[in-house]
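Written out below as C-alpha cells is the structure these notes cover.
Proteins get letters first, then strands, A, B, ... in listed order; numbering begins at 1 in each. Remember, predicted model here, so these are calculated numbers, not experimental data.
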Protein chains: 2
Amino acid sequence: MAERGVEPGARSSAGGGAGFELPLLLFAGFRSIIDELHRELAEHGHPDVRPAYGFALQAVGRDGATASEIGRRLGVSKQAAGKTVEKLEGLGYVERVDDPRDGRRKLVRLTARGIDVLVRSAEGFDRLRAEWVRVLGADRVRAMEADLRAMAPASAFRLDAAGWFND
Amino acid sequence: MAERGVEPGARSSAGGGAGFELPLLLFAGFRSIIDELHRELAEHGHPDVRPAYGFALQAVGRDGATASEIGRRLGVSKQAAGKTVEKLEGLGYVERVDDPRDGRRKLVRLTARGIDVLVRSAEGFDRLRAEWVRVLGADRVRAMEADLRAMAPASAFRLDAAGWFND
DNA sequence: TAATATCGACAACGTGATTGACGAAAAGGT
DNA sequence: ACCTTTTCGTCAATCACGTTGTCGATATTA
C-alpha cells in the first residue's frame, strides 16, 4: 500500500481512511486546541506565552522547583531548563529565590502572573473541551479520550513535547 | 499552555475529564504512532529517518519538486528547504537533477531508497491504524477520524509540523 | 528590448537544544 | 572529623534548524 503522493487513491476502502491520515488528524486536533488557547491567552494579557513556556510553567508547579528538577520533568538538560527559566523570569512569570536550607539550590517559583496564566490556561482548556462537547456530543468526546488513553503508552503521555520532533 | 496542578479537581464535572487532558491525549496518540513508525523504519534499513525528514520526503512527491516548491508545501523558506534537501541527498533519499527546460531549476526527485521509505511508511501507517482497529474496533476509529476532521480546521491539517511548537 | 519575477546559493544571524567542565555546597561512608 | 561522591547552577563551545537579506543566472512579461 502506499499513501499520498506515492500511490494516491487505491485505498480508503471500507476501513475508513488511509493510515497516514490518523496521525495527521491527531496532530491537527492537538494543534488547533493549542493554537486557540494561545490566541485567547494573547487577548488576555499574555501575548508572549508560547507553547513551550506553558509546558515549562507546568513543570514548575505550585510548590516551585529547581532548574535541574524542571529539566528532569521536561526531559531536557538542566542547562536548557535554566535558560528557559531565565526567559520566564524576564517575562515575569517566575522568580528565583535562594534556598536558605541548601546553598546550591535556587528555587524557581511562580509569580502571581505565572499563576494567572496557568489558571487562564486551565479555564481555556475546559472551555475548548466544552466546545468539542457542544459540537460532537459528550459521549463522543469521552469515547475519544478513553480510546486515546487505551492506545497511547504512558511513555508518550508526557510533558516533553518541545523539541521532540527533531529528535 | 497548561494548568494541571494549579486547580486540581474543581473541574471535570459531568463532561468526563479535565480539559487539559484532551490535547495531551491527542498529542500522545500522534506521538505514539510516529514513534512506533520510526522504530519500524529503523529496523528495516532506515535508521536515519527522522519525523521531519518524513514530512519533507512527502513534500517531494512522486513527480519531484524544486526546493522552493518544497519550502512552500512545508511552510518554510526556500533556503530552509534547500538545506533539508541537502541532508536528504546526503542520506541517499533524493537526488537533484538540472531541469533541461528551465536553467534555474534543479528538480529534486526521490531515489529508489526514497520511494522505499515512503512505501514502508505507508504500510506502517496502515498497519498501525489496523492495530487501533483491532483494539478499539473499526467504528470507534472511524468515529475518531470523523470527529477530528470536524474539529480541526483545515489550517491545522498540514505538513508543517516541525518547528511549529516554538513559534 | 527592458522590466519584473523566480530559482538556487551564500552569508550572517537567532534560538533552543546539546555536552563538557567547573566551583560551591550537601550528603554519605569510614 | 575527613574524604569521597553527588548535586546544583553556571560558563563555554557546539550543533541543528530556522530566519532575513543578497546575489547572479535565467524565465517571463509588458
Side-chain angles (χ1 to χ4, degrees), chain A residues 48-60 63-91 93-109 158-167, chain B residues 1 38 47-57 59-60 63-91 93-109 158-167:
Chain A
D48 298 319
V49 184
R50 296 185 294 130
Y53 293 175
F55 279 77
L57 287 176
Q58 200 60 259
V60 174
D63 300 329
T66 65
S68 293
E69 176 60 23
I70 293 168
R72 258 177 258 122
R73 292 177 187 172
L74 257 28
V76 300
S77 65
K78 61 181 180 178
Q79 294 91 333
K83 290 183 187 179
T84 299
V85 168
E86 267 181 47
K87 282 167 223 135
L88 255 18
E89 190 177 28
L91 291 171
Y93 290 113
V94 302
E95 60 185 356
R96 270 188 288 195
V97 301
D98 290 332
D99 186 332
R101 307 200 295 212
D102 187 335
R104 298 167 303 174
R105 292 167 32 111
K106 290 188 180 171
L107 195 61
V108 179
R109 281 190 312 206
R158 283 176 49 201
L159 238 42
D160 57 354
W164 155 86
F165 209 82
N166 314 314
D167 53 7
Chain B
M1 94 164 12
H38 283 81
D48 299 319
V49 184
R50 295 185 296 130
Y53 292 175
F55 279 75
L57 286 176
V60 174
D63 300 329
T66 65
S68 292
E69 176 58 24
I70 293 168
R72 272 189 296 267
R73 292 179 187 170
L74 257 28
V76 301
S77 65
K78 59 182 180 177
Q79 294 90 334
K83 291 182 186 179
T84 300
V85 168
E86 267 181 47
K87 282 167 221 134
L88 254 21
E89 191 177 27
L91 291 171
Y93 289 114
V94 301
E95 59 185 357
R96 270 187 288 196
V97 300
D98 290 333
D99 185 330
R101 307 199 296 212
D102 187 335
R104 299 166 304 176
R105 291 166 36 111
K106 289 191 181 170
L107 194 62
V108 179
R109 281 191 314 205
R158 284 176 50 201
L159 238 42
D160 58 352
W164 155 85
F165 209 81
N166 313 314
D167 55 7

Can you tell me the distance, in whole Å, between the CG atom of Asp102(B) and the P atom of dA25(D)? 16 Å

Separation of dG8(C) P from Glu69(B) CD (nearest whole Å): 10 Å

Ion pair check, Lys83(B) and Glu86(B), cut-off under 4.0 Å: no

Can you tell me how far CZ of Arg72(A) sits from OG1 of Thr66(A), rounded to the nearest 0.5 angstrom? 6.0 Å

Quick check: are there more than 12 heavy atoms from other residues, nucleotides or ligands sitting under 6.0 Å from CZ of Arg109(A)? no

Does the side chain of Arg105(A) get closer than 4.0 angstrom to OP1 or OP2 of dA27(C) through an N or O atom? no

Both Gln79(A) and Ala65(B) contact DNA chain C. Which one's nearest nucleotide lies toward the 5' end? Ala65(B)

Rounded off to whole Å, could you give me the CG-to-P distance for the Asp98(B) and dA9(C) pair? 9 Å

So, taking the atom named OG1 in Thr84(A) and the one named CD1 in Ile70(A), what distance separates them when rounded to the nearest 0.5 Å? 9.0 Å

Taking for Ala67(B) and for Gly103(A) the nucleotide of DNA chain C with the nearest heavy atom, the one nearer the 5' end belongs to Ala67(B)

Within residues 80-90 of chain B, find the residues that approach DNA chain C with a heavy atom at under 4.0 Å, and present them sorted by residue number. Lys83(B)

N/O (side chain, Arg72(A)) to phosphate O (OP1/OP2, dC8(D)) under 4.0 Å: yes

Of the nucleotides dG9(D), dC7(C), dT7(D), which one has an atom closest to the side chain of Arg104(A)? dT7(D)

Side chains of Tyr93(A) and Val60(A): closer than 4.5 Å at any heavy-atom pair? no

Of all the nucleotides listed (dT18(C), dG9(D), dG18(D)), which has the minimum atom distance to the side chain of Ser68(A)? dG9(D)

Ignoring backbone atoms, establish whether Ser77(B) has a side-chain N or O less than 4.0 Å from OP1 or OP2 of dG18(D). no

Net bend of the helix from dT1(C)-dA30(D) to dT30(C)-dA1(D), end axes of five pairs each, nearest 10 degrees: 20°

Quickly work out the Phe55(B) CZ to dC17(D) P distance and round it to whole Å. 15 Å

Heavy-atom closest pair, residues Gly54(B) and Val49(B): N-CG1, 4.3 Å

Phosphate oxygens OP1/OP2 of dT7(D): is one of them under 4.0 Å from a side-chain N or O of Thr66(A)? no

Round to a whole Å and report the spacing from CG of Asp99(B) to P of dG8(C). 9 Å

Tell me if the side-chain of Lys106(A) makes a donor-acceptor pair with the base of dG9(D), cut-off 3.5 Å, by modelled atom types. no

Quick check against the 3.5 Å criterion: does Arg105(A) have a side-chain atom that pairs as donor or acceptor with the backbone of Asp99(A)? no

Starting at CD1 of Ile70(B) and ending at C1' of dG18(D), how long is that distance when rounded to a whole Å? 16 Å

So does Arg96(B) get a side-chain nitrogen or oxygen closer than 4.0 Å to the phosphate oxygens (OP1/OP2) of dA9(C)? yes

Is any side-chain nitrogen or oxygen of Arg50(A) closer than 4.0 Å to OP1 or OP2 of dT15(C)? no

Atom pair distance, as rounded to whole Å: CG in Leu107(A) and P in dT7(D): 18 Å

About how many Å separate CD of Gln79(A) and OG of Ser68(A), when rounded to the nearest 0.5 Å? 8.5 Å

Can you see which heavy atom on Ala81(B) is nearest to which on Ala67(B), and at what distance? CB-O, 3.3 Å

Smallest separation among heavy atoms of Gly64(B) and Leu107(B), with atom names: C-CD1, 4.0 Å

